[in-house]
Amino acid sequence: GGYAPFLGRVSGGIIPATGVTVTPETLELEVGQSQKLTVVVEPSNSTDAPTFESTNPQYVSVTSDGVVKGEAEGSANVVVKAGERSASCAVTIKVAPPVEKVTITINPTPSDATVKLNGVEQSSIEVDKGTEVSYEVSKEGYTAKSATVTAETTQTIEVVLDAVSE
């Protein structure tokens, strides 16, 4: 996108910034996350465009339009300057906690029944803890069974199919 023309700008005239504010003033992100800063330059018709700089680019990067990104665990200030005025945002970057993995295994009876987990033919699946897993067990001549479980712990689910009565 292009830049909107400054309103009330006098041809060739320079309107210096009298103040600059940045929102938020403190920011916590996880590594890999990003967030755009909101910057207000006073007066609104100032010819001073804001610039962004990180005091520690190895931890916190910032684009020319104010998108802050967590690069590594640590902290930095993002300094926003407009003319002679500046403001800063204190950014802390944390490492996301590792997600625990759990395994859901379906043990069907009869043992040669077809087992699908999340729509894929397999008898066990490893997922992030707390994820919903749907299973379907079927065999010709038996009534199919399906259900959805929340994977809180590694577990084996016994699924017994009933033969279809003739």
Side-chain angles (χ1 to χ4, degrees), residues 1-106 115-136 146-157:
Y3 293 97
F6 289 107
L7 297 172
R9 183 172 180 173
V10 182
S11 174
I14 290 176
I15 303 169
T18 56
V20 57
T21 54
V22 60
T23 310
E25 289 180 355
T26 59
L27 188 57
E28 270 195 12
L29 293 173
E30 289 176 1
V31 174
Q33 286 185 326
S34 56
Q35 183 173 329
K36 192 173 187 350
L37 298 178
T38 303
V39 176
V40 177
V41 176
E42 299 287 333
S44 57
N45 62 347
S46 167
T47 54
D48 289 328
T51 60
F52 299 87
E53 188 185 351
S54 170
T55 57
N56 254 331
Q58 70 263 38
Y59 303 128
V60 179
S61 65
V62 62
T63 64
S64 59
D65 55 356
V67 177
V68 176
K69 185 177 177 198
E71 298 294 343
E73 189 173 16
S75 60
N77 287 324
V78 172
V79 180
V80 184
K81 287 184 179 162
E84 300 296 307
R85 305 292 168 174
S86 68
S88 68
C89 171
V91 184
T92 305
I93 306 300
K94 297 180 302 190
V95 173
V99 178
E100 197 181 328
K101 296 279 190 183
V102 296
T103 302
I104 301 291
T105 304
I106 303 295
V115 176
K116 284 187 178 178
L117 282 157
N118 288 350
V120 178
E121 206 170 300
Q122 55 190 345
S123 60
S124 88
I125 188 170
E126 186 185 64
V127 294
D128 293 346
K129 182 176 176 173
T131 305
E132 284 200 339
V133 175
S134 61
Y135 66 82
E136 182 184 346
S146 61
T148 300
V149 294
T150 300
E152 293 298 345
T153 59
T154 291
Q155 60 181 319
T156 298
I157 301 170

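Residue numbers count from 1 along this sequence. Predicted, not measured: the structure shown is a model, and the values here were computed from it.
Under the 3.5 Å distance criterion, with hydrogens and angles disregarded, a donor-acceptor pair is assigned to the side chains of Ser61 and Glu71.
Closest approach of Thr150 and Gly130 over heavy atoms only: CG2-O, 3.7 Å. Pairing each heavy atom of Ser34 with each of Val67, the nearest pair is CB-CG1, 4.0 Å.
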* Could you please spell out the steps behind the side chain to side chain contact (heavy atoms under 4.5 Å, CB included) verdict for Gln33 and Ile93? => CA-CA 9 Å; Gln33 286 185 326; Ile93 306 300; over 6 Å; no
* Would Val62 and Val91 satisfy side chain to side chain contact (heavy atoms under 4.5 Å, CB included), going step by step from the backbone distance to the final call? -> CA-CA 11 Å; Val62 62; Val91 184; over 6 Å; no
* To do: Could you go through the side chain to side chain contact (heavy atoms under 4.5 Å, CB included) check for Val60 and Lys69 one step at a time?
  => CA-CA 6 Å; Val60 179; Lys69 185 177 177 198; over 6 Å; no
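Note on residues 86-97: pairs passing salt bridge (Lys or Arg N to Asp or Glu O under 4.0 Å), not counting sequence neighbours, are Glu28-Lys94.
Glu152 CD: more than 12 foreign heavy atoms inside a 6.0 Å radius. For Glu84, the CD atom is loosely surrounded, since the number of other residues' heavy atoms within 6.0 Å does not exceed 12. Counting heavy-atom neighbours within 6.0 Å of Glu30 CD, excluding the residue itself, gives a total above 12.
Legend: residues meeting salt bridge (Lys or Arg N to Asp or Glu O under 4.0 Å) with Glu73, ordered by chain and number and at least two apart, are absent.
Atoms CD and CG, on Gln35 and Leu27 in that order, are 4.5 Å from each other to the nearest 0.5 Å. The distance from atom OH of Tyr59 to atom OG1 of Thr92, rounded to the nearest 0.5 Å, is 12.0 Å.
Proximity of Tyr135 to Ile104: side-chain heavy atoms (C-beta onward) are nowhere separated by under 4.5 Å.
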